[in-house]
Amino acid sequence: IRSTWAARLNSTDLNINIKFFVGQTTPEANEAINAEGLLNGDIARLEVVEKYENLGQKTLELISWAADHGYGQVVKVDDDTVLDVRALQSFLKQNSPVNRLYAGVA
């Protein structure tokens, strides 16, 4: 993700900050994830256990994290999804921030 569509987002004139939200896993994996986070500065750790059944709770925690850290908007993209950077740029440039909008594309 960092070397594909996220790289295109980082090169835009929009104020976009990419974060990877990761829940808790095994001690060994947590150590590796924390090291990667220190290296890249883009990983936010959540208290929820990282598993599919907890996806709803993870989403709530990442939105709460974003609000606590001063973010006004969040775009959630799963790691098996490619974001259409041009479409997002167009949407953000044409629309002022909307409070409490939750939308998705199937």
Side-chain angles (χ1 to χ4, degrees):
I1 293 173
R2 287 183 187 104
S3 63
T4 59
W5 61 262
R8 291 190 299 272
L9 272 177
N10 283 332
S11 66
T12 68
D13 60 347
L14 300 172
N15 185 18
I16 295 176
N17 186 316
I18 296 175
K19 293 285 185 196
F20 295 91
F21 291 88
V22 183
Q24 300 303 309
T25 61
T26 65
E28 297 80 18
N30 282 334
E31 187 175 323
I33 293 164
N34 291 338
E36 182 180 343
L38 288 173
L39 178 67
N40 294 293
D42 58 3
I43 294 178
R45 297 306 307 268
L46 302 174
E47 292 300 317
V48 65
V49 174
E50 188 71 47
K51 62 181 184 176
Y52 181 77
E53 292 81 8
N54 292 342
L55 186 56
Q57 182 63 34
K58 183 179 178 183
T59 300
L60 291 174
E61 284 195 26
L62 80 85
I63 291 170
S64 179
W65 183 97
D68 290 347
H69 289 82
Y71 290 86
Q73 295 175 310
V74 174
V75 175
K76 180 187 174 298
V77 181
D78 288 331
D79 61 357
D80 61 352
T81 305
V82 176
L83 181 65
D84 184 339
V85 174
R86 289 187 195 136
L88 177 62
Q89 289 171 321
S90 176
F91 178 82
L92 293 175
K93 286 180 180 178
Q94 295 175 14
N95 297 280
S96 61
V98 178
N99 289 326
R100 298 185 181 150
L101 170 67
Y102 183 85
V105 177

Glu61: partners by salt bridge (charged side-chain N to carboxylate O under 4.0 Å, His left out), with sequence neighbours left out: none
Taking only distance into account, with no hydrogens and no angle test, what donor-acceptor pairs under 3.5 Å do side-chain atoms of residues 63-70 form with protein atoms, sequence neighbours excluded?
from	atom 1	to	atom 2	distance (Å)
His69	ND1	Trp65	O	2.7

Please list all pairs meeting side chain to side chain donor-acceptor pair (under 3.5 Å) that have one or both residues in residues 46-56, counting only residues at least two apart or in different chains. Glu50-Lys58
Residues that Asn34 engages under side-chain contact (heavy atoms from CB on, under 4.5 Å), provided they are two or more places apart: Arg45
Name all residues meeting the side-chain contact (heavy atoms from CB on, under 4.5 Å) criterion together with Asp78; count only those two or more places apart in sequence or in a different chain, and write none if there are none. Lys76, Asp80, Thr81
Note: Ile1 and Ala6 closest approach over all heavy atoms is O-CB, 3.0 Å
Under the side-chain contact (heavy atoms from CB on, under 4.5 Å) test, residues paired with Val75 that sit two or more places apart: Val77, Leu88
Using side-chain hydrogen bond (donor to acceptor under 3.5 Å, both in side chains) as the criterion, list what pairs up with Asn40, not counting sequence neighbours. none
For Glu31, enumerate each residue passing the salt bridge (charged side-chain N to carboxylate O under 4.0 Å, His left out) test, keeping only those at least two apart in sequence or located in another chain. none
Set of salt bridge (charged side-chain N to carboxylate O under 4.0 Å, His left out) partners for Asp79, sequence neighbours left out: none
Sequence neighbours excluded, the answer for salt bridge (charged side-chain N to carboxylate O under 4.0 Å, His left out) partners of Asp84 is none
Got a sec, which residues hit side-chain contact (heavy atoms from CB on, under 4.5 Å) with Thr26, two or more places apart in sequence or on another chain? Glu28, Ala29
